[in-house]
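The basis for the numbers below is simple: all heavy atoms, side chains too, and nothing from hydrogens, waters or symmetry mates. When a residue number appears, it is its place in the shown sequence, counting from 1.
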Amino acid sequence: MAVFEATHDKHGIWYPRFYNSTRAAVDEYIVETLQLNDKIRSRELPSRRPLAILWDLTDQNLPALQRMILMSKRHPPPPDLIHHVAFIADNKTVINEVNALTKHIEEQAKTRRYFLVDQRKVALQWLIDSTEFVPAQKDM
């Protein structure tokens with residue numbers, strides 16, 4: 001079984017998910033993210049511009065965030081791949097922890113918003129309203 005996966009819906013919103021909290025999971029996250037970035041930039045996959053990510057922090061194994069931050073600094077997203085990320089969490093404590101750990105990552109034009117679990121529809125709507133759908137080349 002995979003320790004990390006990223007799927008997308010018909011709107012081109014991406015959903016990363018960890019199934020394991022190990023260093024190997026973070027390493028797989030980096031490898032898969034780099035591959036997905038290349039496919040999104042070449043329009044092999046549908047997406048949104050800016051890239052829309054819904055990161056649901058409820059009911060999943062969260063990785064060692066320090067390792068994730070370190071690896072994300074070593075492998076930043078391409079400068080032309082701007083991100084809008086909606087984080088969903090069970091409580092404000094998790095939101096504050098994620099914000100404290102991720103705000104120091106030097107990222108290019110990344111917009112983040114934090115939502116509680118009962119605000120999932122609001123988070124999705126924010127991603128849809130703040131981004132534009134970009135179909136894959138084969139879908140055109």
Side-chain angles (χ1 to χ4, degrees):
M1 180 177 178
V3 292
F4 170 82
E5 74 173 344
T7 58
H8 64 85
D9 65 16
K10 67 181 181 179
H11 303 290
I13 297 173
W14 286 89
Y15 301 87
R17 181 164 183 81
F18 282 95
Y19 294 103
N20 190 304
S21 59
T22 63
R23 291 173 61 112
V26 174
D27 293 343
E28 186 171 323
Y29 160 76
I30 294 296
V31 169
E32 285 196 35
T33 299
L34 292 172
Q35 292 171 354
L36 286 172
N37 286 346
D38 289 343
K39 289 181 179 181
I40 290 167
R41 291 172 73 210
S42 68
R43 295 189 57 194
E44 291 177 48
L45 296 171
S47 188
R48 298 190 75 79
R49 188 164 292 132
L51 187 63
I53 301 169
L54 182 79
W55 200 295
D56 188 341
L57 304 174
T58 63
D59 194 36
Q60 69 171 297
N61 291 301
L62 294 179
L65 289 177
Q66 289 176 335
R67 171 106 177 130
M68 194 165 159
I69 291 168
L70 173 67
M71 295 305 289
S72 294
K73 283 183 177 179
R74 287 184 184 163
H75 305 281
D80 62 333
L81 198 57
I82 298 169
H83 297 70
H84 280 201
V85 183
F87 290 98
I88 296 179
D90 289 331
N91 59 59
K92 289 183 179 181
T93 301
V94 172
I95 290 171
N96 290 337
E97 288 173 359
V98 170
N99 187 41
L101 289 169
T102 61
K103 72 180 180 182
H104 301 293
I105 299 174
E106 294 179 24
E107 298 176 25
Q108 299 88 356
K110 185 172 199 176
T111 301
R112 299 179 190 92
R113 287 199 48 198
Y114 301 89
F115 301 87
L116 292 174
V117 70
D118 63 344
Q119 298 174 307
R120 184 180 184 88
K121 287 183 182 178
V122 175
L124 284 168
Q125 195 60 53
W126 172 71
L127 288 171
I128 289 170
D129 291 346
S130 66
T131 61
E132 176 184 343
F133 182 72
V134 179
Q137 287 285 3
K138 65 180 180 169
D139 295 340
M140 296 180 72

Minimum-distance pair of heavy atoms, taken over all atoms of [X] and [Y]:
X	Y	value
Ser42	Gln137	O-CG, 4.2 Å
Arg17	Thr58	NH1-O, 4.2 Å
Val3	Ala24	CG2-O, 4.1 Å
Phe4	Tyr19	N-CD1, 4.3 Å
Glu28	Ala2	OE2-CB, 3.9 Å
Leu51	Trp14	CD1-CD1, 3.6 Å

All N/O donor-acceptor pairs, side-chain side in residues 115-123, below 3.5 Å, sequence neighbours left out:
| unit_1 | atom_1 | unit_2 | atom_2 | d |
| --- | --- | --- | --- | --- |
| Gln119 | OE1 | Leu116 | N | 2.7 |
| Arg120 | NH1 | Asp56 | OD2 | 3.0 |

So do the side chains of Leu34 and Ile30 get within less than 4.5 Å of each other, counting heavy atoms only?
-> yes
Would you say the side chain of Pro46 lies within less than 4.5 Å of the side chain of His11, judging by non-hydrogen atoms?
-> no
Treat each ILVMFWY residue as a node, draw an edge where side-chain heavy atoms are under 4.5 Å apart, and state whether Val85 and Ile88 are in one component.
-> no
With the 4.5 Å side-chain cut-off for hydrophobic clustering, are Leu45 and Trp55 part of the same group?
-> yes
For Thr33 and Asn37, what are the C-alpha separation, side-chain angles and deciding distance, and is it a side chain to side chain contact (heavy atoms under 4.5 Å, CB included)?
-> CA-CA 6 Å; Thr33 299; Asn37 286 346; 3.9 Å; yes
Have a look at Phe87 and tell me which of Leu57, Ile53, Leu54 forms a side-chain contact (heavy atoms from CB on, under 4.5 Å) with it.
-> Leu57
With sequence neighbours excluded, residues passing side chain to side chain donor-acceptor pair (under 3.5 Å) with Asp27 = Arg67
With sequence neighbours left out, write down each residue that passes side chain to side chain donor-acceptor pair (under 3.5 Å) with Thr131, or none if nothing qualifies.
-> Arg48
When the ring planes of Trp126 and His84 are compared, do they come out parallel, tilted or perpendicular, using 30° and 60° as the limits?
-> parallel
Value for CG (Asp9) from CG (Leu124), rounded to nearest 0.5 Å, stands at 7.5 Å
Enter the distance from Ile13:CD1 to His8:NE2 here, rounded to the nearest 0.5 Å.
-> 11.5 Å
Can you establish whether the number of heavy atoms outside Glu132 located under 6.0 Å from its atom CD is more than 12?
-> no
